[in-house]
Amino acid sequence: MGKVVFLYRSLAYRNAAADILRKARKLPRGAERSAACRYAKALRDLAQTEAWLEGRVAREPQTTQRRKSAASA
């Protein structure tokens, strides 16, 4: 039962993030659009964090993290 609840929650976070991002793209550039994009990214990150907490392997780190580590090397 735990796996079903996890899957449902994870999909809900990802769907909400995609929905918010779609709405944000329709907004004119500005503070409201930026806030919506940050909120969508936070929801996506939360879904990945929950996967990690549940013992599942998360996807590879984002490309921005790779760039930071490459720049520091």
Side-chain angles (χ1 to χ4, degrees):
M1 184 66 175
K3 291 181 182 180
V4 173
V5 171
F6 163 75
L7 180 63
Y8 177 75
R9 240 187 353 233
S10 181
L11 287 176
Y13 289 142
R14 291 175 191 196
N15 286 337
D19 194 34
I20 291 170
L21 196 56
R22 267 187 241 110
K23 290 178 183 177
R25 288 180 181 150
K26 293 178 183 178
L27 295 172
R29 292 181 190 230
E32 189 176 351
R33 180 179 179 168
S34 296
C37 289
R38 283 193 306 268
Y39 186 58
K41 183 182 181 315
L43 284 173
R44 189 187 69 208
D45 291 345
L46 181 61
Q48 290 177 355
T49 301
E50 281 213 5
W52 179 78
L53 288 173
E54 290 287 327
R56 286 146 178 93
V57 177
R59 293 188 317 190
E60 288 186 31
Q62 299 297 321
T63 56
T64 56
Q65 292 173 346
R66 287 187 207 146
R67 288 183 195 143
K68 288 179 186 175
S69 62
S72 63

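Counting all heavy atoms, side chain and backbone alike, L21 lies closest to C37 at CD1-SG, 4.0 Å. In terms of heavy-atom proximity, L46 sits nearest to Y13 at CD2-CZ, 3.5 Å.
Judged as a salt bridge (Lys or Arg N to Asp or Glu O under 4.0 Å), and not counting sequence neighbours, the contacts of R22 are D19.
Sorted by first then second residue, the salt bridge (Lys or Arg N to Asp or Glu O under 4.0 Å) pairs that include residues 29-40, not counting sequence neighbours, number zero.
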